[in-house]
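Here's the structure, in structure tokens; my notes come after.
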There are 2 protein chains.
Amino acid sequence: MRTPANRRPTIVDVASAAGVSKSLVSLALRGDEGVSETTRMRIIDAADALGYRSNAVARALVQGRTALVGAIATDLANPYHSEVIGGIERAAGAHGLEVVIGHGQRDPRRITRWVDRMIELNVDGLIVVSSWAEPSALALAAAAAPVVVVGRMPQQARDVDSIVSDDVGGAAMAVRHLIERGHRRIAFVTSSDRPAAMARQLGYETAVAEADANVPHVVSLADDAARALAALLDGRERPTAVLANNDVTAVRVMDAALDRGIRVPDQLAVVGYDNTVMASLVRPTLTTVDQPNDEIGRLAMAMLAERFEGRRVERHVTISPALVVRGSSG
Amino acid sequence: MRTPANRRPTIVDVASAAGVSKSLVSLALRGDEGVSETTRMRIIDAADALGYRSNAVARALVQGRTALVGAIATDLANPYHSEVIGGIERAAGAHGLEVVIGHGQRDPRRITRWVDRMIELNVDGLIVVSSWAEPSALALAAAAAPVVVVGRMPQQARDVDSIVSDDVGGAAMAVRHLIERGHRRIAFVTSSDRPAAMARQLGYETAVAEADANVPHVVSLADDAARALAALLDGRERPTAVLANNDVTAVRVMDAALDRGIRVPDQLAVVGYDNTVMASLVRPTLTTVDQPNDEIGRLAMAMLAERFEGRRVERHVTISPALVVRGSSG
DNA sequence: CTGAAAGCGCTTACAG
DNA sequence: CTGAAAGCGCTTACAG
């Protein structure tokens, strides 16, 4: 792939160009105190002239650390994931670490493979922004480097730290908001049966049960979304409010309502979940549940740092979401 | 960071557990033909029992290749970038390569630093989905590994291949669509003076000049967006159609129009650029210019592959966009 | 079919 | 202040 002719210059090339030993090149380039000013200059000039760049692979091998944190995301197109990763990146700088990202592309096998690959790459720590990685792969990874999972794992893996958002509480908060606004017929619409959606449904059911005269009404868009939405909106007992399992689902509900001439929020209040950018762009703007994604990323990085400092016991943190009230709930 | 007690097992540990030489462990684990079935089994069992994982850093050092392609993106939250990266990833698999992503966070310094870091990491090829990297850093990188830039570079760097979208043609296509629809007073609204936006403006001006009785009208949202939008929409000579430099700007124009009771598309047609997810979610749905982002990613990977096969001459490709007509243009 | 040796490009004690 | 040597964990000819 690289011909010998244009291979990258090494420390040995710099050494012979500067007329010194390779040890001295290494010391000089890393700014060691005990190198005379004149030779340091000579070495740096030689390195620049050759276009020398340190080989991080060789350095990592001898030092046993790469100064790299791996971040694996289920789906980069999803703003939730990219925001969490942004938080990780901002926090990593303070620890002198760089963040390399592996993209899972919504494929559990690919995500699990990235866990393996990141460990093979010798990252110093690993943050998995996904609940789709195999617990066994995570446990194996945790034996080699600290691992934090952001998301609701179906099954805990040994020595793996975690951060989850309080989906039960967030959904309950949204329902209570609708009840305060006078709504009594409130439906929950979901496009997923993954753990996070299930937890939100549980929060919904709990909060609905608290308020008298409410019958929990759950609509799944899993099989035939158009039919499910029709059943919801064209039925005699149409709800006056809907909580969706996420913003995308909420927008679908709003679109279906508007298509039928049902006014939002007057005839139907809609609340989403995740506070994605879309929530403030649609009309009416969407009331939704916000998770502090940036903060979650920072915390994940901080939890890795604690492990670097010697923490041995597992740590599991739950983050509280907040309601953002906008136009779609009246 | 890792105590000797729980350090990762190496090939030597596996060798002594299986009672063979480390050479044989290496051969067996990589499936070499010339290893007897029984010893192969013994070695694999020993490796599994120890939880052995190959150290990719050591392998990369001896093989001189990492099987890694680096992809650097300006802004992962921008769907354009994540789609291009998706295309790169899908194509990389066919070449047995994995894609590690570096996030530039809209910071030119960070992007340029990632170019350096990726080369230090010994990636076999580098795709920079950004026009913000320093040409000098790109040229240095290209001396070590093939480099493809996706985007409109302000200045060409030696030995660096590139892919750009035909922004001039795309914008002209959008304007001709509006002219066909009968519009004569067409404005261009831009929130940026970066090269891509400038090229789109040029395409707009060219197409407007083709049609008689049109006076190009350009509105910049750079300084005071609210005032600029007011000048556009509240003036006596309000345009009947607007081309925006991207979808986000188009949605801002639509929102400003709706706030004033101006009906879209009846009283004002709006066309965006980029065909982001948002374009099909807003109401009315947004007519916009689509770039084949996935295809661009595939092509970038293919261009790296050509370099691996020995191509020496630079290659620069221009990709043609397509118009997606939706509700906002009537 | 298996083992001993050299080497990838660095860093890091250890001498001098 | 500088150099020679060992070693990080692998792969790869080369012997046997």
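Here is the naming used below: chain letters follow the sequence lines, and residue numbers restart at 1 for every chain. None of these values were measured; they are calculated from a predicted model.
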Query raised in the report: Which part of the nucleic acid does Val57(B) contact within heavy-atom distance under 4.0 Å: base, sugar-phosphate only, or nothing?
Result: nothing
Query raised in the report: So what does Ser26(B) hit on the nucleic acid, given a heavy-atom distance under 4.0 Å: a base, only sugar-phosphate, or nothing?
Result: base
Query raised in the report: Over how many whole Å does the gap from Ile11(A) atom CD1 to dG7(C) atom C1' extend?
Result: 16 Å
**Report entry** Most 5' of Ser23(A) and Glu33(A) on DNA chain D, judged by nearest nucleotide
**Finding:** Glu33(A)
Query raised in the report: Can a side chain N or O of Thr39(A) be found less than 4.0 Å away from OP1 or OP2 on dT2(D)?
Result: yes
Query raised in the report: Rounding to a whole Å, what distance do you find between Leu29(B):CG and dT12(D):C1'?
Result: 16 Å
Report task. Could you tell me the separation between the NZ atom of Lys22(A) and the C1' atom of dC8(C), rounded to a whole number of Å? Result -> 11 Å
Query - Under 3.5 Å on both distances, the Watson-Crick or G-U partner of dA15(D) - result: dT2(C)
Report task. Map Val35(B) and Ala58(B) onto DNA chain C by nearest heavy atom, then report which one ends up closer to the 5' terminus. Result -> Val35(B)
**Report entry** Length of the line joining Tyr52(B):OH and dG9(D):P, which is rounded to integer Å
**Finding:** 10 Å
Report summary line: Taking for Leu27(B) and for Arg30(A) the nucleotide of DNA chain C with the nearest heavy atom, the one nearer the 5' end belongs to Leu27(B)
Query raised in the report: With a 4.0 Å cut-off on heavy atoms, is Val12(A) in touch with a base, just the backbone sugar-phosphate, or nothing at all?
Result: nothing
Query raised in the report: If you measure from the Lys or Arg side-chain nitrogens to the Asp or Glu carboxylate oxygens, is any gap between Arg110(B) and Glu89(A) under 4.0 Å?
Result: no
**Report entry** NZ/NE/NH1/NH2 to OD/OE distance under 4.0 Å, Arg315(A) and Asp161(A)
**Finding:** no
Report task. Using only side-chain N and O atoms of Gln63(A), determine if any of them is under 4.0 Å from OP1 or OP2 of dT12(C). Result -> yes
Query raised in the report: Phosphate oxygens OP1/OP2 of dT2(C): is one of them under 4.0 Å from a side-chain N or O of Ser36(B)?
Result: yes
Query raised in the report: Is any side-chain N or O of Arg59(B) closer than 4.0 Å to OP1 or OP2 of dG9(D)?
Result: no
Query raised in the report: Can you tell me if CZ on Arg106(B) sees more than 12 non-hydrogen neighbours from other groups inside 6.0 Å?
Result: no
Report summary line: Whole-Å distance, Arg65(B) CZ to dT12(D) P, equals 11 Å
Requested in this report: Please state whether the phosphate of dT2(D), meaning OP1 or OP2, lies under 4.0 angstrom from any side-chain nitrogen or oxygen of Ser21(A).
Outcome: no
Query - Note: Asp167(B)-Arg152(B) ion pair, threshold 4.0 Å (strictly below) - result: yes
Query raised in the report: Does any non-hydrogen side-chain atom of His103(A) lie less than 4.5 Å from one of Asp75(A)?
Result: yes
